[in-house]
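Sharing a structure below in structure tokens format, with a few things to ask.
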Amino acid sequence: MTSIPAPDSFAARLLAWFDQHGRHDLPWQVNNDPYKVWVSEVMLQQTQVKTVLQYFDRFMTRFPTVQDLGRADWDEVAPYWAGLGYYARARNLHKAAGVVTAAGEFPDTLAGWTALSGIGPSTAGALMSLGLRKFGVIMDGNVKRVLTRWQAIEGDSTKPAVTKPLWQLAAQLTPQQRNADYTQAIMDLGATICTPKKPLCLYCPLQHDCQALAQGRVLEFPQKSTRKAIPVRSARVLILPAHHRGDGSDTPDWLWLQRPAEGLWGGLWCLPIIESDAMWRLLQHRYGSLLKQSAQIRHTFTHFTWELQAVQLTVDASHAESLLMELAPNTQSPTLRWMSADHAIASGIPQAMHKLLEATNAAQIG
């Protein structure tokens with residue numbers, strides 16, 4: 001790491017840029033509202049601002065205060081997060097909101113925030129700075145990118161050997177005065193100028209002493225160890241339509257189950273997924289030609305890609321429910337529900353199920 005210019009110079013340039021070019025109209029940029037900042041910070045983890053903007057207002061309209069969120073059941077919360085992904089974020093937010101509601105006040109220290117589920121040092125720093133207007137230091141992906149490029153910091157930026165001095169550098173540069181503006185400014189710089197793939201270095205207020213720019217190596221930072229290829233998994237999604245239910249409905253219902261609270265898509269509604277080849281062979285042996293293959297989709301997670309093949313099986317309702325109890329991914333009795341596509345969407349389904357519904361409808365129309 002090269003010699004560091006005076007922190008006041010770094011902050012002054014960043015703040016001057018922010019005053020003219022920063023984002024000042026985001027819906028969570030409200031003084032003295034740590035709850036809005038909290039929700040936005042959790043939504044923004046692993047998710048871009050443009051995506052969060054599609055969810056934030058709707059979430060806040062339904063849960064306008066931390067008490068509203070903390071007292072709600074998970075089934076009420078899930079539909080307002082469905083599609084954002086990384087559902088453990090929502091479960092932790094919901095759990096922590098219950099703790100804050102019971103306490104009757106928000107934490108006012110870094111340690112108090114990090115004691116809550118799902119809040120790490122960077123989110124806690126943002127809540128101190130943006131939520132409470134106290135001193136706070138952050139280290140999200142945008143900040144890490146700005147600082148590693150500015151100082152051309154070598155080494156895997158996910159490892160303690162690099163993250164520890166990065167936090168020290170961030171703390172050294174973060175000013176006491178206008179701390180909240182600085183926090184927003186450095187995030188904005190990373191999001192709009194110092195971007196991962198096409199940085200706009202000519203417009204950057206830090207260009208004159210950016211070491212990565214001087215070395216012609218901007219895109220080399222932040223550095224990470226070589227990533228392994230993302231594995232591809234295959235599975236089948238079982239569509240069990242209502243058959244002779246006698247309810248007079250013109251809209252066909254499918255049988256859905258609620259995923260276990262922990263794990264992939266926790267707490268959301270999902271069509272049954274057959275991952276085991278042995279189970280699939282058993283279904284083929286039992287039902288043979290009654291199994292009708294339909295649409296296929298690919299859905300990519302952080303650590304793997306899922307190829308999902310929709311398969312329809314029409315049996316009577318009681319038989320379908322018995323079958324689904326047998327196929328359920330958890331050892332306890334799953335919660336089952338007959339729902340139309342619209343009802344399932346309103347109840348909260350993962351993005352992969354949205355894609356499957358669209359592909360299935362397209363296949364039927366075609």
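None of the values given here were measured: they were computed from a predicted structure.
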Check: Val77 and Leu69 side chains under 4.5 Å, non-hydrogen atoms: yes
Sequence neighbours excluded, which residues qualify as salt bridge (charged side-chain N to carboxylate O under 4.0 Å, His left out) partners of Arg217?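 Salt bridge (charged side-chain N to carboxylate O under 4.0 Å, His left out) list for Arg217, sorted by chain: Glu154, Glu220.
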Just verifying a value: how many Å separate Ser225 OG and Asp156 CG, rounded to the nearest 0.5 Å?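 That separation rounds to 3.5 Å.
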With a 4.5 Å cut-off on side-chain heavy atoms, are Ser294 and Val311 touching?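 Val311 does not reach Ser294 side chain to side chain.
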Going by heavy atoms in the side chains, are Ile186 and Phe18 under 4.5 Å from each other?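 The answer is no, as the side chains (C-beta and beyond) never meet within the 4.5 Å cut-off.
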Applying salt bridge (charged side-chain N to carboxylate O under 4.0 Å, His left out) as the test, list every pair that has at least one member in residues 35-52; sequence neighbours left out.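 Listed once each, the pairs would be none.
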How many angstroms lie between OG1 in Thr174 and CE in Met139, if you round to the nearest 0.5 Å?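 Interatomic distance, Thr174 OG1 to Met139 CE, rounded to 0.5 Å: 8.0 Å.
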Between the side chains of Asp140 and Ser122, does any donor sit under 3.5 Å from an acceptor?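 On atom types as modelled, these side chains do not qualify, holding no pair under 3.5 Å.
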Any salt bridge (charged side-chain N to carboxylate O under 4.0 Å, His left out) involving residues 79-104? Give me the pairs, sequence neighbours left out, ordered by first then second residue.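 Every pair satisfying salt bridge (charged side-chain N to carboxylate O under 4.0 Å, His left out) with a residue in residues 79-104: there are none.
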Write out all pairs satisfying salt bridge (charged side-chain N to carboxylate O under 4.0 Å, His left out) with one or both partners inside residues 57-82, taking only residues at least two apart or from two chains.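 Counting only pairs at least two positions apart or across chains, the salt bridge (charged side-chain N to carboxylate O under 4.0 Å, His left out) contacts touching residues 57-82 are Arg62-Glu76.
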For Asp253 and Ser340: C-alpha separation, side-chain torsions, deciding distance, then whether side-chain hydrogen bond (donor to acceptor under 3.5 Å, both in side chains) applies. CA-CA 4 Å; Asp253 288 353; Ser340 67; 4.7 Å; no
Please find the pair of heavy atoms, one from Ser347 and one from Arg337, that lie closest to each other, and give the distance. OG-NH1, 3.7 Å
Working to the nearest 0.5 angstrom, can you tell me the gap between Leu166 CG and Gln151 CD? 10.0 Å
So that I know where these two stand, are Tyr80 and Phe63 an aromatic pair - ring centroids less than 6.0 Å apart?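 Yes, ring centres under 6.0 Å apart.
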Side-chain donor-acceptor pair present, Thr148, Ser157, cut-off under 3.5 Å: no
State whether the side chain of His299 and the backbone N or O of Leu356 hold a donor-acceptor pair below 3.5 Å, judged by distance alone.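 Not a single qualifying donor-acceptor pair exists.
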Counting only N and O atoms by type, is there a donor-acceptor contact under 3.5 Å from the side chain of Glu321 to the main-chain atoms of Ser318? no
Within one Ile-Leu-Val-Met-Phe-Trp-Tyr cluster: Val42 and Val99, side-chain cutoff 4.5 Å: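 Shared cluster, yes.
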For Thr195 and Thr192, indicate whether the former's side chain and the latter's backbone hold a donor-acceptor pair under 3.5 Å.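 No, because the side chain of Thr195 does not come within donor-acceptor range (under 3.5 Å) of the backbone of Thr192.
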Could you tabulate the donor-acceptor pairs under 3.5 Å formed by side-chain atoms of residues 266-285, not counting sequence neighbours?
from: Ser276; atom 1: OG; to: Ala278; atom 2: N; distance (Å): 3.2
from: Ser276; atom 1: OG; to: Met279; atom 2: N; distance (Å): 3.1

Qualifying residues under side-chain hydrogen bond (donor to acceptor under 3.5 Å, both in side chains), relative to Thr335, sequence neighbours excluded: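 So Thr335 forms no side-chain hydrogen bond (donor to acceptor under 3.5 Å, both in side chains) with any residue.
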Nearest heavy-atom neighbours spanning Ala96 and Leu116: CB-CB, 3.9 Å
Donor-acceptor under 3.5 Å (Asn179 side chain, Gly136 main chain): yes
Indicate yes or no for a side-chain donor-acceptor contact from Thr114 to the backbone of Leu110 under 3.5 Å, with no hydrogens or angles considered. yes
Ignoring hydrogens and geometry, is there a side-chain-to-backbone donor-acceptor pair from Lys292 to Ser289 under 3.5 Å? yes
Hey, is the main chain of Ser234 close enough, under 3.5 Å, to the side chain of Glu307 for a donor-acceptor pair? no
Give the cluster check for Leu14 versus Leu202: same hydrophobic cluster or not, with ILVMFWY residues linked at side-chain heavy-atom distances below 4.5 Å.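 Both belong to a single hydrophobic cluster.
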Do Gln45 and Thr123 pass the side-chain hydrogen bond (donor to acceptor under 3.5 Å, both in side chains) test, and can you show the C-alpha distance, the side-chain angles, and the key distance before you say yes or no? CA-CA 9 Å; Gln45 293 169 6; Thr123 300; 3.1 Å; yes
Going from SG on Cys194 to CG on Leu206, what distance comes out if it is rounded to the nearest 0.5 angstrom? 8.0 Å
Which atom pair, heavy atoms only, marks the closest approach of Trp338 to Leu240?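 Where Trp338 meets Leu240 most closely, the heavy atoms are CZ3-O, 3.3 Å.
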Contact check, side chains of Asp108 and Lys134, non-hydrogen atoms, under 4.5 Å: yes
Could you see if Leu213 belongs to whatever hydrophobic cluster contains Leu200? Use Ile, Leu, Val, Met, Phe, Trp, Tyr and a side-chain cutoff under 4.5 Å.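 No, it is not one cluster - the side chains of Leu213 and Leu200 are not joined through contacts under 4.5 Å.
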Is Leu169 reachable from Val218 through a run of I, L, V, M, F, W or Y residues, each pair having side-chain heavy atoms under 4.5 Å apart?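 Each belongs to a different hydrophobic cluster.
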Within the 4.5 Å heavy-atom criterion, are Trp81 and Tyr55 side-chain neighbours or not? no
Evaluate the side-chain proximity of Arg286 to Leu323: yes if any heavy-atom separation is below 4.5 Å, no if none is.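 Yes. Closest side-chain heavy atoms under 4.5 Å.
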Tell me, which pairs form a salt bridge (charged side-chain N to carboxylate O under 4.0 Å, His left out) where one or both residues lie in residues 172-185, sequence neighbours left out? Asp19-Arg178, Arg178-Asp181
Any donor-acceptor pair under 3.5 Å from Gln29 side chain to Asp25 backbone: yes
Could you measure the distance from the CG atom of Leu264 to the CZ atom of Arg259? Nearest 0.5 Å is fine. 5.0 Å
List the residues meeting side chain to side chain contact (heavy atoms under 4.5 Å, CB included) with His21, not counting sequence neighbours, and say none if there are none. Trp17
The complete set of ring-ring contact (aromatic ring centres under 6.0 Å, His included) pairs with one or both residues in residues 96-132, sequence neighbours excluded, reads Trp38-Trp113
Do the rings of His94 and Trp74 sit parallel, tilted or perpendicular, given the 30° and 60° boundaries? tilted
Does the side chain of Pro196 reach to within under 4.5 Å of the side chain of Arg145, using non-hydrogen atoms?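 Side chain of Pro196 against side chain of Arg145, heavy atoms only: contact under 4.5 Å found.
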For Gln296, the side-chain hydrogen bond (donor to acceptor under 3.5 Å, both in side chains) test, sequence neighbours excluded, returns none
Could you note down all residue pairs passing ring-ring contact (aromatic ring centres under 6.0 Å, His included) where residues 180-208 supplies at least one of them, sequence neighbours left out?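 Residue pairs passing ring-ring contact (aromatic ring centres under 6.0 Å, His included), neighbours aside: none found.
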Aromatic ring centroids of Trp28 and Phe56 under 6.0 Å? yes
Does Pro350 reach the side chain of Tyr87, with side-chain heavy atoms less than 4.5 Å apart? yes
Would you say Ser129's side chain and Ala126's backbone share a donor-acceptor pair under 3.5 angstrom? no
Classify the ring geometry of Phe301 against Trp306: parallel below 30°, tilted from 30° to 60°, perpendicular beyond 60°.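 Phe301 and Trp306: perpendicular rings.
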May I ask you to decide whether Asp33 forms a salt bridge with Arg133, counting only side-chain N to carboxylate O separations under 4.0 Å? no
In one Ile/Leu/Val/Met/Phe/Trp/Tyr side-chain cluster, 4.5 Å: Leu238, Leu290: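 Yes; Leu290 is reachable from Leu238 via cluster members.
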Please determine whether a side-chain nitrogen of the Lys or Arg among Arg23 and Asp188 lies less than 4.0 Å from a carboxylate oxygen of the Asp or Glu. yes
Phe221 six-ring centre to Arg149 NZ/CZ under 6.0 Å and within 45° of normal: no
List the residues meeting side chain to side chain contact (heavy atoms under 4.5 Å, CB included) with Ile345, not counting sequence neighbours, and say none if there are none. Ile349, His354, Leu357
Kindly compute the distance separating CD1 (Ile239) from CH2 (Trp254), expressed to the nearest 0.5 Å.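 Ile239 CD1 to Trp254 CH2: 4.0 Å, rounded to 0.5 Å.
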